[in-house]
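Just below is one structure, and these are the notes that go with it.
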Amino acid sequence: MRLLVTGGAGFIGSNFVRHVCAERPDWEVVVFDLLTYAGDRRNLAGLEQVKLVQADICDEPAIDAAVASADAVVHFAAESHNDNSLHSPWPFVQTNVVGTYQLLESVRRHEKRLHHISTDEVYGDLELDDPAKFRPDTAYNPSSPYSSTKAASDLLVRAWMRSFGVQATISNCSNNYGPYQHVEKFIPRQITEILEGRRPKLYGSGENVRDWIHTEDHSSGVLAILERGRIGETYLIGADGERNNRAVVELILELMGRERNDFDHVNDRPGHDLRYAIDASKLREELGWRPRYNDFRAGLEATIAWYRANVAWWHPQKLETEAKYQVLGR
Ligand code: NAD
Ligand code: DAU
């Protein structure tokens, strides 16, 4: 198997590549990644099965050549951060929509199997007391430039499957946490703020709920779908990890030896989605997938330890990231 992984030098893509190298040592993996601010070749250090091609998925000849020489493609490459999409939406349209279009045209031309990585945010948000969770047939209702471009990419994949017979699957996953996540994101931002001697920053009231899953569990779900998923199907990946943001900040503070109320409330995100929640029963029942990281406290503790031990990895991103947040009052 020669597997092409777009966005494989980012947070989740590189975790997936490490997972594949451990689980399928005879596979060859080609990572196709532009190495934007969010990609880092160090995330792939020491992986002998992996070759990195630095290029843009919107670059038709480049993506076409990579697809032509692969047996299957897993598509992680995207602009992924909601806050960035609110003040600079164009790269989201370009990479998430145009880039996915270019990739689809290549897999169509070369008749290659595709797995498309998407997000639970395409379904919009839920009320705090809504008993329903997102399911594969939930109507799309995205809120932000980020989630609307991911929704658009999913719809392109669905259309290419139906109209052109492209052999694809889609997964929509909830919020990931774990090592190698960029410090612009919620959990690493709070950990590194504390490591830098500052206070965590909670948007608005902190009542917003996210459904946390360890990135290793996301990766095992993706591999299961790639190998055993039914072509044409959408699978939701989630580990029943709902928590509100305030509770997560309090737990991080406690685990790092600070008072649980030692945080600041900052400006809320415009259009801030209230709650996400995934019903992953299709993935569990059809493919027998189970998350292994069921203890959020232990997973968070290990993640904190990783950021403590890898200051050289995140420190260069930190200054630039906080300068951006300062302009937004967040
Ligand atoms: P990330 O921002 O950490 O990584 C994105 C990667 O894509 C980077 O390596 C970047 O260099 C690369 N990239 C960006 N534009 C590119 C382009 N034009 N051409 C080639 N490569 C490009 O993102 P992440 O958090 O690892 O998310 C990966 C995927 O998973 C995304 O599709 C995202 O929508 C989806 N997802 C993320 C989460 C989450 O919690 N982070 C949850 C569900 C789904
Ligand atoms: O649900 C899956 C999605 O999860 C993915 O599709 C996205 O790529 C990923 O970035 C993530 O989106 P969120 O917007 O939920 O993640 P973020 O880490 O930006 O924020 C998580 C929550 O924390 C959200 O309610 C906003 C809040 N927040 C965020 C930051 C950065 C804060 O309260 N303070 C902060 O400093």
Side-chain angles (χ1 to χ4, degrees), residues 5-16 31-41 43-44 53-59 62-63 66 74-86 91-92 94-96 98-100 102-103 116-123 125 134 143-144 146-147 149-150 153-154 171-178 180-190 193 200-213 215 218 222 237-238 243-246 248-249 263-269 272-278 321-322 325 328 330:
V5 181
T6 74
F11 163 51
I12 305 173
S14 68
N15 182 282
F16 177 72
V31 168
F32 186 99
D33 198 299
L34 185 56
L35 300 181
T36 66
Y37 79 96
D40 193 328
R41 64 174 71 243
N43 299 357
L44 303 169
V53 175
Q54 184 176 358
D56 190 338
I57 50 164
C58 302
D59 175 343
I63 191 66
V74 181
H75 177 36
F76 289 92
E79 286 290 337
S80 70
H81 191 38
N82 272 299
D83 289 323
N84 293 343
S85 81
L86 291 164
F92 289 75
Q94 178 76 3
T95 288
N96 300 359
V98 178
T100 301
Q102 292 295 8
L103 178 63
H116 175 63
I117 302 293
S118 191
T119 169
D120 59 359
E121 297 196 17
V122 299
Y123 302 114
D125 58 355
F134 299 139
S143 321
S144 73
Y146 162 67
S147 53
T149 57
K150 289 298 293 187
S153 70
D154 294 11
S171 56
N172 297 78
C173 187
S174 59
N175 284 66
N176 286 219
Y177 76 99
Y180 297 95
Q181 188 168 27
H182 195 280
V183 297
E184 68 190 356
K185 302 284 167 50
F186 177 54
I187 287 178
R189 183 177 188 209
Q190 313 314 332
E193 282 298 89
K201 316 238 166 352
L202 201 55
Y203 291 178
S205 66
E207 296 308 306
N208 306 65
V209 170
R210 295 295 181 264
D211 189 354
W212 294 101
I213 180 172
T215 189
H218 186 180
V222 170
I237 309 179
R243 274 178 182 74
N244 76 31
N245 293 340
R246 172 193 279 265
V248 174
V249 160
F263 61 83
D264 292 323
H265 288 280
V266 295
N267 289 340
D268 206 351
R269 171 185 285 172
H272 196 171
D273 279 344
L274 185 56
R275 173 175 164 238
Y276 306 137
I278 289 267
T321 302
E322 289 307 318
Y325 278 127
L328 302 172
R330 295 207 280 277

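Indexing begins at 1, ligand by ligand and atom by atom, following the structure's order.
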**Q.** salt_bridge(R189, E322) N-O dist < 4.0 Å
**A.** yes
Q: Nearest heavy atom to atom 8 (O) of ligand 2 wins, so pick from S80, S144, P200.
A: S80
Q) Of all the atoms in ligand 2, which lie at a distance below 4.0 Å from a heavy atom belonging to T119? A) 1 (O), 2 (C), 3 (C), 5 (C), 6 (O)
Give every pair formed by an N or O atom of ligand 1 and a protein N or O atom closer than 3.5 Å, one pair per line with both atom names and the distance to 0.1 Å, or write none.
residue	atom	partner	partner atom	Å
ligand 1	2 (O)	S80	OG	2.7
ligand 1	3 (O)	F11	N	3.1
ligand 1	9 (O)	G10	N	3.0
ligand 1	9 (O)	D33	OD1	3.2
ligand 1	9 (O)	D33	OD2	2.6
ligand 1	11 (O)	D33	OD1	2.6
ligand 1	11 (O)	L35	N	3.4
ligand 1	11 (O)	T36	N	3.0
ligand 1	11 (O)	T36	OG1	3.1
ligand 1	18 (N)	D56	OD1	2.8
ligand 1	18 (N)	T95	OG1	3.0
ligand 1	19 (N)	I57	N	3.0
ligand 1	21 (N)	L34	N	3.1
ligand 1	23 (O)	S80	OG	3.2
ligand 1	26 (O)	F11	N	3.4
ligand 1	26 (O)	I12	N	2.8
ligand 1	32 (O)	F76	O	2.9
ligand 1	32 (O)	K150	NZ	2.7
ligand 1	34 (O)	Y146	OH	2.6
ligand 1	34 (O)	K150	NZ	3.2
ligand 1	40 (O)	N176	N	2.9

Q: May I ask you to list the atoms of ligand 2 that are less than 4.0 angstrom from any heavy atom of K201?
A: 32 (C), 33 (O), 34 (N), 35 (C), 36 (O)
Q) Who are the side-chain hydrogen bond (donor to acceptor under 3.5 Å, both in side chains) partners of Y37, not counting sequence neighbours? A) N84, E184
Q.
Using modelled atom types and a 3.5 Å cut-off, is there a donor and acceptor pairing between side-chain atoms of Q190 and backbone atoms of K201?
A. yes
Q) Quick one: nearest non-hydrogen protein atom to atom 19 (O) of ligand 2, plus distance? A) R269 NH2, 2.9 Å
Q | Beyond-backbone contact of Y180 with N15, side-chain heavy atoms, under 4.5 angstrom | A | no
**Q.** Which segment of K185 sits under 4.0 Å of ligand 2 when only heavy atoms are counted
**A.** both
Q: Could you tell me the residue and atom name of the protein heavy atom closest to atom 1 (O) of ligand 2, and the distance to it rounded to 0.1 Å?
A: D120 OD1, 2.5 Å
Q.
Return the closest protein heavy atom for atom 4 (O) of ligand 2 as residue, atom name and distance.
A. N175 ND2, 3.0 Å
Q. Would you say R189 and ligand 2 have an N/O pair spaced under 3.5 Å apart?
A. yes
Q: Considering non-hydrogen atoms only, spot the tightest contact between S144 and N82 and give its length.
A: OG-OD1, 2.6 Å
Q: Please report the shortest heavy-atom distance between Y146 and S85, naming the atom on each side.
A: N-OG, 3.1 Å
Q. Who's the nearest protein heavy-atom neighbour of atom 25 (O) of ligand 2, and how far?
A. H272 NE2, 2.6 Å
Q: Establish, yes or no, whether a centroid distance under 6.0 Å links the rings of F263 and H265.
A: yes
**Q.** Non-neighbouring partners of R210 that pass salt bridge (charged side-chain N to carboxylate O under 4.0 Å, His left out), sequence neighbours left out
**A.** none
Q: Below 4.0 angstrom from a heavy atom of E184, which ligand 2 atoms are there? Numbered from 1 as shown, please.
A: 31 (C)
(Q) I'd like to check which ligand 2 atoms, numbered from 1 as shown, lie under 4.0 Å from a non-hydrogen atom of L202. (A) 33 (O)
Q. Which heavy atom of I213 sits nearest a heavy atom of C173, and at what distance?
A. CG2-SG, 3.8 Å
Q. Going by the order shown, which atoms of ligand 2 are within less than 4.0 Å of some heavy atom of N82?
A. 12 (O), 13 (P), 14 (O)
Q) In terms of atom number and element, which parts of ligand 2 are under 4.0 angstrom from non-hydrogen atoms of Q190? A) 34 (N), 35 (C), 36 (O)
Q: Could you list which atoms of ligand 2 come closer than 4.0 Å to a heavy atom of Y276?
A: 1 (O), 15 (O)
Q) For atom 27 (C) of ligand 2, what's the nearest protein heavy atom and its distance? A) N245 ND2, 3.4 Å
Q) Backbone, side chain, both or neither: what part of R330 comes under 4.0 angstrom of ligand 2, heavy atoms only? A) neither
(Q) Given E121, E207, H81, identify the one with the heavy atom nearest to atom 13 (P) of ligand 2. (A) E121
Q: Specify whether Y203 and Y325 have parallel, tilted or perpendicular ring planes, treating 30° as the upper limit for parallel and 60° as the lower limit for perpendicular.
A: perpendicular
**Q.** Listed partners of K185 passing salt bridge (charged side-chain N to carboxylate O under 4.0 Å, His left out), at least two apart
**A.** none
Q: Just need the protein heavy atom nearest to atom 33 (O) of ligand 2, so name the residue and atom and give the distance.
A: Y203 N, 2.8 Å
Q | Closest contact, heavy atoms only, L44 versus S14 | A | CD2-CB, 4.0 Å
Q. Looking at Y325, which atoms of ligand 2 are within less than 4.0 Å of one of its heavy atoms?
A. 31 (C)
**Q.** Donor-acceptor under 3.5 Å (D56 side chain, C58 main chain)
**A.** yes
Q | Lys/Arg-Asp/Glu bridge criterion (N-O < 4.0 Å) met for K150, E121 | A | no
**Q.** Options Y123, F186, Y177, Y146, ranked by nearest heavy atom to atom 6 (O) of ligand 2, top entry
**A.** Y146
**Q.** Heavy-atom pair with the smallest gap, counting every atom of G178 and T215
**A.** CA-CG2, 4.5 Å
**Q.** Shortest non-hydrogen contact from D273 toward N208
**A.** O-ND2, 3.0 Å
(Q) Can you tell me which portion of K150 lies within the under-4.0 Å heavy-atom range of ligand 2? Options are side chain, backbone, both, or neither. (A) neither
